[in-house]
2 protein chains.
Amino acid sequence: MTAKAKSGKRDPEEERFLEKYKAGAYARPSVTVDLVILTVLDNDLKVLLVQRNEHPFKGRWALPGGFVRVSDDRKDQGEDLDAAARRELEEETGLSKETAGDFFLEQVRTFGRPGRDPRMRVISVAYYALVRSTLVPLIRAGGDALVARWFSVAELADAALAFDHAEIVDATLVKARADLDRSSIAFELVPETFTIQELRGVHEAIRGEALDPGNFRKKFLRMIEDGHIEAARGKRATASKPASVYRFARSPV
Amino acid sequence: MTAKAKSGKRDPEEERFLEKYKAGAYARPSVTVDLVILTVLDNDLKVLLVQRNEHPFKGRWALPGGFVRVSDDRKDQGEDLDAAARRELEEETGLSKETAGDFFLEQVRTFGRPGRDPRMRVISVAYYALVRSTLVPLIRAGGDALVARWFSVAELADAALAFDHAEIVDATLVKARADLDRSSIAFELVPETFTIQELRGVHEAIRGEALDPGNFRKKFLRMIEDGHIEAARGKRATASKPASVYRFARSPV
DNA sequence: GCAAAAGTGTTTAATTTACACCCATGC
DNA sequence: GCATGGGTGTAAATTAAACACTTTTGC
């Protein structure tokens with residue numbers, strides 16, 4: 001509401017002020033977006049990393065990311081932060097909205113410690129993205145002939161990530177675990193239709209601990225009563241008894 | 001751990017690379033910090049705003065804030081984001097760590113929509129700060145001859161804040177309410193020693209709804225058992241029966 | 001038949017919510 | 001004494017946690 005009011009009419013004096021305003025009185029940092037792209041594969045939470053083929057940290061694994069495109073042109077100041085994150089996500093994975101639908105993408109926090117990039121002052125807005133494991137086979141490394149690989153969270157301790165990317169991943173995992181309780185992020189990591197156990201597997205992978213199947217089921221059944229989930233047709237073959245499948249309800253009652 | 005590994009030794013080739021690296025191949029945005037300074041006064045959640053005396057939005061109310069000081073000097077890239085926020089907080093309120101102790105200060109989110117500042121591309125890292133109401137009388141407007149005023153949250157709807165600051169405040173309130181359940185931010189808004197009702201008042205102000213005194217007390221007593229709070233000496237005079245006072249335990253058992 | 005996982009039920013404790021009510025003090 | 005808010009108690013409902021048990025499939 002009020003946020004939009006500001007784009008309304010301006011008084012003529014302010015208009016004249018803007019005309020002759022000269023930007024750039026202060027030194028400016030570079031601003032990037034870094035992506036923590038998560039999926040759950042084999043009941044394991046994994047992060048997509050790319051191998052750097054330039055200095056600094058040449059050869060080390062790092063989060064995909066890139067510069068936010070900006071300009072001081074008053075008519076076109078460049079892309080939004082969210083748009084930059086989405087663009088990088090598409091560039092790095094090769095998945096587009098058209099081929100793979102929409103992605104969950106949300107800001108984590110901004111990292112700007114001096115010295116985190118030895119080249120220059122870089123402030124990085126970290127985002128995390130959730131990608132269904134069904135899409136993982138479609139992913140190809142990004143355009144810059146990059147080598148990309150999924151790392152399970154346990155592997156990260158030994159990976160010696162570039163920059164402060166280990167810290168960014170840690171902060172993301174904390175946030176993802178908190179979001180798991182309050183929002184519906186688990187549904188972003190499960191196929192269109194899914195079994196209760198598949199959903200439990202996602203919860204277990206993110207929380208990093210086993211959950212009681214019976215108790216999880218009960219909480220799940222409550223979600224059905226609340227209209228967040230509905231039964232879907234068919235059964236899923238498993239190693240034993242086939243399981244019922246469900247679907248996330250777009251319009252919770 | 002791993003985050004620190006990066007500042008270790010670098011190979012000589014990388015060192016040479018950095019020596020001849022020229023920064024600034026990409027256009028850069030200005031980066032600022034904006035502060036949502038909160039207090040609870042008269043059982044009401046309030047935000048400190050300053051009146052702009054320059055274009056754009058001259059005369060309108062805005063969040064205090066300012067540019068992050070940066071440099072590409074490899075030895076000194078400037079100040080950290082947290083440090084910038086803390087510096088602005090001290091500048092705008094006149095309170096220093098020495099006179100008023102430490103403040104709660106935490107990042108909210110980063111706002112970078114193109115056009116949010118009509119002068120140039122500005123990306124702003126929003127922080128929120130909590131200030132005990134006991135310190136409020138000490139606050140004097142910042143150095144730039146600024147007019148500052150506390151606005152209760154209800155008043156904000158009519159205030160027509162500058163830039164996208166209304167959006168920033170909204171996001172902050174959502175975060176503060178979430179933090180209220182999970183961390184101990186309420187203790188940051190209450191005097192050194194406090195009564196149960198004073199603490200409840202802070203919760204009510206942040207959540208914007210009344211809480212049952214009896215039930216709140218029970219939850220509170222559980223915090224005592226957990227060692228988060230301990231009884232303090234003395235009583236607080238009230239309109240009726242004097243109330244016991246408590247103290248936040250620095251070292252929860 | 002048997003292992004394995006789906007699915008159901010039970011029991012206990014902890015927590016939430018909605019109240020009723022007593023008590024000490026200032027005026 | 002009496003209004004006010006501090007402080008206590010109770011009872012129902014919901015949720016969390018632990019765990020035993022039954023059912024249905026693949027092999």
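We name chains A, B, ... by the order of the sequence lines, and we start the count at 1 in each one.
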Any side-chain N or O of [X] under 4.0 Å from OP1/OP2 of [N]?
X      : N      : value
A/R217 : C/dT8  : yes
A/R222 : D/dA16 : yes
B/Q197 : D/dG6  : yes
A/S244 : C/dG7  : yes

Output the rounded distance in Å from [atom1] ([X]) to [atom2] ([N]).
X      : N      : atom1 : atom2 : value
B/R236 : C/dG26 : CZ    : C1'   : 17 Å
B/E225 : C/dA14 : CD    : P     : 11 Å
A/E209 : D/dA18 : CD    : P     : 10 Å
A/N215 : C/dA6  : CG    : C1'   : 15 Å
A/F216 : D/dA16 : CZ    : P     : 12 Å
B/D212 : D/dA11 : CG    : P     : 17 Å
A/K219 : D/dT15 : NZ    : C1'   : 9 Å
A/K235 : C/dG7  : NZ    : C1'   : 10 Å

5' precedence on DNA chain D between A/A239 and A/G214 (nearest-nucleotide basis): A/G214
Step by step, would you call B/T32 with B/S124 a side chain to side chain donor-acceptor pair (under 3.5 Å)? CA-CA 5 Å; B/T32 62; B/S124 176; 3.3 Å; yes
Of A/K218 and A/P242, the one whose closest DNA chain C nucleotide lies more 5': A/P242
Taking the six-membered ring of B/F111, is the NZ or CZ of B/R113 close enough (under 6.0 Å from the centre) and on axis enough (within 45°)? no
Using 30° and 60° as the class boundaries, would you call the ring planes of B/F220 and B/F194 parallel, tilted or perpendicular? perpendicular
Answer yes or no: is there an ion pair linking A/D80 with A/R87, defined by an N-O contact shorter than 4.0 Å? no
Run the salt-bridge test on A/K175 and A/E106 with the 4.0 Å N-O cut-off and return the result as yes or no. yes
Closest approach to the side chain of A/K241, judged atom by atom: which nucleotide of C/dT17, C/dA6, D/dC19 is it? C/dA6
